[in-house]
2 protein chains.
Amino acid sequence: MMTPSSRPGGPEAIKAARTTWRRSQIVESAARLMEEHGFHDMSVSALAREAGISVGTVYQYVDNKEDVLLLVIEDILKAYAQQVPQAMSGIADPLERLAAGFLSYCGVVDSYQTATLLAYRESRSLSRSGLHSVISHEIETTGLLVAELDAAVAAGTLRTHDTALVGSDLVFLAHMWALKRWQLRDRMTVEAYGRAQLGLVLGGLIDAKQRERYAHLLAVPGAASAPARAAARTRAGGGRR
Amino acid sequence: MMTPSSRPGGPEAIKAARTTWRRSQIVESAARLMEEHGFHDMSVSALAREAGISVGTVYQYVDNKEDVLLLVIEDILKAYAQQVPQAMSGIADPLERLAAGFLSYCGVVDSYQTATLLAYRESRSLSRSGLHSVISHEIETTGLLVAELDAAVAAGTLRTHDTALVGSDLVFLAHMWALKRWQLRDRMTVEAYGRAQLGLVLGGLIDAKQRERYAHLLAVPGAASAPARAAARTRAGGGRR
DNA sequence: AGTTCGAATGAACGGTCGTTCACCGGAGGC
DNA sequence: GCCTCCGGTGAACGACCGTTCATTCGAACT
């Protein structure tokens, strides 16, 4: 015997659906406004107007203005946490796992450029716990890449190196796609970008005897200099390298 | 016959000296406060208090609040413009010039960490002309490094590559010292950091036949694997790699 | 039709801010 | 001593903001 509150579509479900709906209205509108104006020059009344709701309604669904910022950034943290491990799963080779994880990371940065920028720009406006959340997620994701770097070093695929620094470099270079988009966006696709950076970093690390095996990750002239270059250009869809 | 206004130490000189003095009081105090609070959460009254002057005096020497931000950032732009070319001068080899320029750039970032951070965080609060100034200076300095990369490629020292992207990478990795200082600062000195990043980037670019000649720039195991590693550790003064 | 409840509203509130300007004090000149 | 000028001061001003809450509206129930 189902009670009224446990029926599918009952009041709780309606309320939860409304909360989810209103929150996404608020978050999407906030992302648009913050992309243009930043956190500080976005007023809550402008946000309400953009979302098509009243100021009081905003406060029914978020605690305060900083909460809005946090919700926008949490979207990207969730995407990292989901998409990066997923891209790496089912792949046995550490270097291939690294490549898949890094390219996926770049893809998330591309899809959430505003959130990436906000995480850098507005870290001062986050609460302690909000900032801690951002940082610990980054450490966690960096750790996934570092683990593969370590495995590749142990397998002799990569030369010995400071893998923690390399992992941080990769994450930072992924962020560069958003932070320096004024410089990069008109020059290449995010996929070409990710492959170029991966090739550059790995090119300095890879054991000489492994270059041919991973030539598809290096994307720099190697033994098959001319063909690899022509192939890379085709893949980038005309992006200049 | 010198007129009163042209005498050394005349009223204009006194006024100019006072302006310079007051401005530096304001800029130094602002840098301190913005490091902790950011631009938005620093009030002009707090700035006046920190500088030990009145609010009205602040406005005698700066036009408005944004002007303060611009003055802080202009300090670092001036330092780049002066120190990077200077570090590169008198060196004939393109790769050595590149190394000197990049390490100098890292040094400037280290000395002006607040300004580096502010340039990223507060670009939204700059006027059009202020932002244009920041961006064009960055393009200019990146261009110095790119020119050396191009020269090294032409000399056959480096393999063919997208030198514009590599130049941007180097500049961005220099900024990383400030942006990710929470991760890096306790692990290595800025010099060790600069050398590690330079070695990583160049390691992926350098022609195999040139590795031995530039082993001091690569700082990765090469032909003299064990000695190079021991030397690098000594140079870093205990920094872990 | 009347009542109740929940969601939405937007004016009001209290606070903070960037900027201005009337006033003051000190130094220099006569 | 008196006057003028310049630099400094900080309260006042006007604007804007984040947040709250008294009120209204609409839907559902009796």
Side-chain angles (χ1 to χ4, degrees), chain A residues 3-5 7 9-27 29-30 33-34 36-72 122 124-127 130, chain B residues 3-5 7 9-27 29-30 33-34 36-72 122 124-127 130:
Chain A
T3 63
S5 64
R7 274 188 301 233
E12 287 90 353
I14 292 174
K15 189 163 183 170
R18 180 186 289 117
T19 299
T20 297
W21 169 50
R22 290 293 193 204
R23 282 240 174 94
S24 73
Q25 276 181 305
I26 293 167
V27 166
S29 301
L33 287 176
M34 287 196 278
E36 186 171 353
H37 300 291
F39 175 68
H40 289 280
D41 289 344
M42 171 190 76
S43 64
V44 175
S45 57
L47 170 57
R49 201 178 306 124
E50 176 81 14
I53 57 178
S54 70
V55 168
T57 301
V58 173
Y59 285 95
Q60 275 180 255
Y61 298 97
V62 299
D63 286 342
N64 50 46
K65 191 184 177 188
E66 186 239 308
D67 204 20
V68 177
L69 173 63
L70 197 54
L71 285 173
V72 171
E122 309 293 347
R124 281 259 164 261
S125 303
L126 290 173
S127 63
Chain B
T3 62
S5 64
R7 275 193 298 238
E12 287 93 351
I14 292 173
K15 189 163 183 170
R18 179 186 290 119
T19 298
T20 299
W21 169 50
R22 291 292 193 203
R23 282 241 175 93
S24 74
Q25 274 181 307
I26 292 166
V27 167
S29 301
L33 286 177
M34 287 196 278
E36 187 172 353
H37 301 288
F39 176 68
H40 288 280
D41 288 346
M42 171 190 77
S43 64
V44 175
S45 58
L47 170 58
R49 202 178 305 123
E50 177 81 15
I53 58 176
S54 70
V55 168
T57 301
V58 173
Y59 285 95
Q60 276 181 254
Y61 298 97
V62 300
D63 286 341
N64 50 46
K65 192 183 176 190
E66 186 239 306
D67 204 18
V68 177
L69 174 63
L70 197 54
L71 286 173
V72 171
E122 310 292 348
R124 281 262 164 256
S125 304
L126 291 173
S127 64

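Not measured: the values here are computed from a predicted model. Labels below follow one simple rule: chain letters A, B, ... track the order of the sequence lines, proteins then strands, and each chain is numbered from 1.
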Going by heavy atoms in the side chains, are A:V27 and A:V68 under 4.5 Å from each other? no
Check: B:F39 main-chain N/O paired with B:E122 side-chain donor or acceptor under 3.5 Å: yes
Given atom CZ of B:R49 and atom C1' of D:dG8, what is their separation to the nearest angstrom? 17 Å
Is the cationic atom of A:K65 (NZ for Lys, CZ for Arg) positioned less than 6.0 Å from the six-membered ring centroid of A:Y59 and within 45 degrees of its normal? no
Treating B:S29 as the side-chain partner and B:I26 as the backbone partner, does any N or O pair qualify as donor plus acceptor under 3.5 Å? no
Looking at residues at least two apart in the chain, or sitting in another chain, which of them share a side chain to side chain donor-acceptor pair (under 3.5 Å) with B:R22? B:Q25
N/O contacts under 3.5 Å, protein versus nucleotides 4-8 of chain C?
residue	atom	partner	partner atom	Å
C:dA7	OP1	A:R18	NH1	3.4
C:dA8	OP1	A:R22	NE	3.0
C:dA8	OP1	A:R22	NH2	2.3
C:dA8	OP2	A:Y61	OH	2.8

Interatomic distance, B:L47 CG vs D:dT9 C1' [rounded to whole Å]: 16 Å
Using only atom types and a distance under 3.5 Å, with no angle test, would you say the side chain of A:T20 pairs donor to acceptor with the backbone of A:A16? yes
Once each nucleotide of nucleotides 18-30 of chain D is scored for protein heavy atoms under 4.0 Å, what B/S/- sequence comes out, 5' to 3'? SBB----------
Atom CD in B:E36, atom CD in B:E50: separation rounded to 0.5 Å? 9.0 Å
What is the distance, to the nearest angstrom, from the CG atom on A:D41 to the P atom on D:dC17? 8 Å
